[in-house]
K.L.:
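For reference, the structure I am asking about is given below.
All ligand and atom numbering here is 1-based and tracks the order in the structure. Fair warning: this is a prediction, and the values are worked out from it, not measured in the lab.
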Amino acid sequence: MKILIAVDMEGITGVVEWKHVESTHAEYQRFRRIMTADVNAAVSGAAEAGADEILVADGHGYAKNILIEELDSRARINSGSPSPFSMVQGVDTGVHAAFFIGYHAHMSTEKAVLAHTWSCERVSNVWLNGKIVGEIGLNASVCGSFGVPVLLLSGDQAACNEAQEWIPGIEVVPVKKASGRYSAECLPPGVSQPLIHQAAMHAVTKFKAGRCPAPLQVELPVRITIEFLNTAQADAAALLPNFDRLDGRRVGFQAESMPAAYRFFRAAVSLA
Ligand SMILES: [Zn+2]
């Protein structure tokens, strides 16, 4: 059984502000170590429950955050960017199921640590087939297009709620309870990581018994609308072929598959 562990940073144990997740700040070095330990908790849980191949995707920023020298030796890691599948790099390599570790809620969520959708300097909101979506729904839909269900998510309580909305039956580990964008009551690693470990074991055990969430399938063709922070960003994104300018800050497009929609979305945000 092969598991993909897709990892972001804003929902890692203890993270409450940008300095914790930006490589130019001294604090970042502490939190990338905690990030690696949150991932290791998921790796060991999955391995102990019988996963024999574990692929980690570093999905934050330029995908060079997890400390490979501290990574559990049962895992392999995709680092660096851009990669074809970005936050879920490796999803097309015969993966049976995925975990999302350190995830965060979409940009417009109240009481959600560092909530954003792909880029908080560029994107205010995204809609997938008319429904507001964040990185959880986008990445889970890409996984779903390969028949891969998402079994587990860790992050703050808002990310956990968002995950349960998109993926009924998903296991969640709320490692912090946000009271604002930059404040939360946090579990220490000595508490959160055993919880991640246990949930990973439980999720894989349930999967092997045939009890797990269904892969997230979206209706095709996929319709995506992106609302940018300013009109210049929409000007740039609207240069892409087959993009419609909807108003000052919004562009929209249609794609024949979820992986294609994901590529167009990433291209538009990069241009903006
Ligand atoms: Zn993110």
K.L.:
Please determine whether Glu10 has a backbone or side-chain N, O or S atom lying under 2.8 Å from the Zn ion (ligand 1).
P.N.:
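No, outside the cut-off.
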
K.L.:
Does a side-chain heavy-atom distance below 4.5 Å link Val91 with Leu55?
P.N.:
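No, too far: nothing below the 4.5 Å cut-off.
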
K.L.:
Could you identify the N, O or S atom of Asp8 positioned closest to the Zn ion (ligand 1)?
P.N.:
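The atom in question is OD2.
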
K.L.:
Please enumerate all residues that pass side chain to side chain donor-acceptor pair (under 3.5 Å) together with Gln254, with sequence neighbours excluded.
P.N.:
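Result, side chain to side chain donor-acceptor pair (under 3.5 Å) vs Gln254: none returned.
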
K.L.:
Under the rule for side chain to side chain donor-acceptor pair (under 3.5 Å), what residues qualify as partners of Ser108, not counting sequence neighbours?
P.N.:
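For Ser108 the side chain to side chain donor-acceptor pair (under 3.5 Å) partners, ignoring immediate neighbours, are Asn125.
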
K.L.:
Of all N/O/S atoms in Glu135, which lies nearest to the Zn ion (ligand 1)?
P.N.:
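Nearest N/O/S atom: OE1.
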
K.L.:
Would you say His60 reaches the Zn ion (ligand 1) with an N/O/S atom under 2.8 Å?
P.N.:
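No N, O or S atom of His60 is closer than 2.8 Å to the Zn ion (ligand 1), so no.
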
K.L.:
Check for a donor-acceptor pair, side chain of Arg181 on one end and backbone N or O of Ala115 on the other, with a separation under 3.5 Å.
P.N.:
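Here the side-chain-to-backbone pair exists.
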
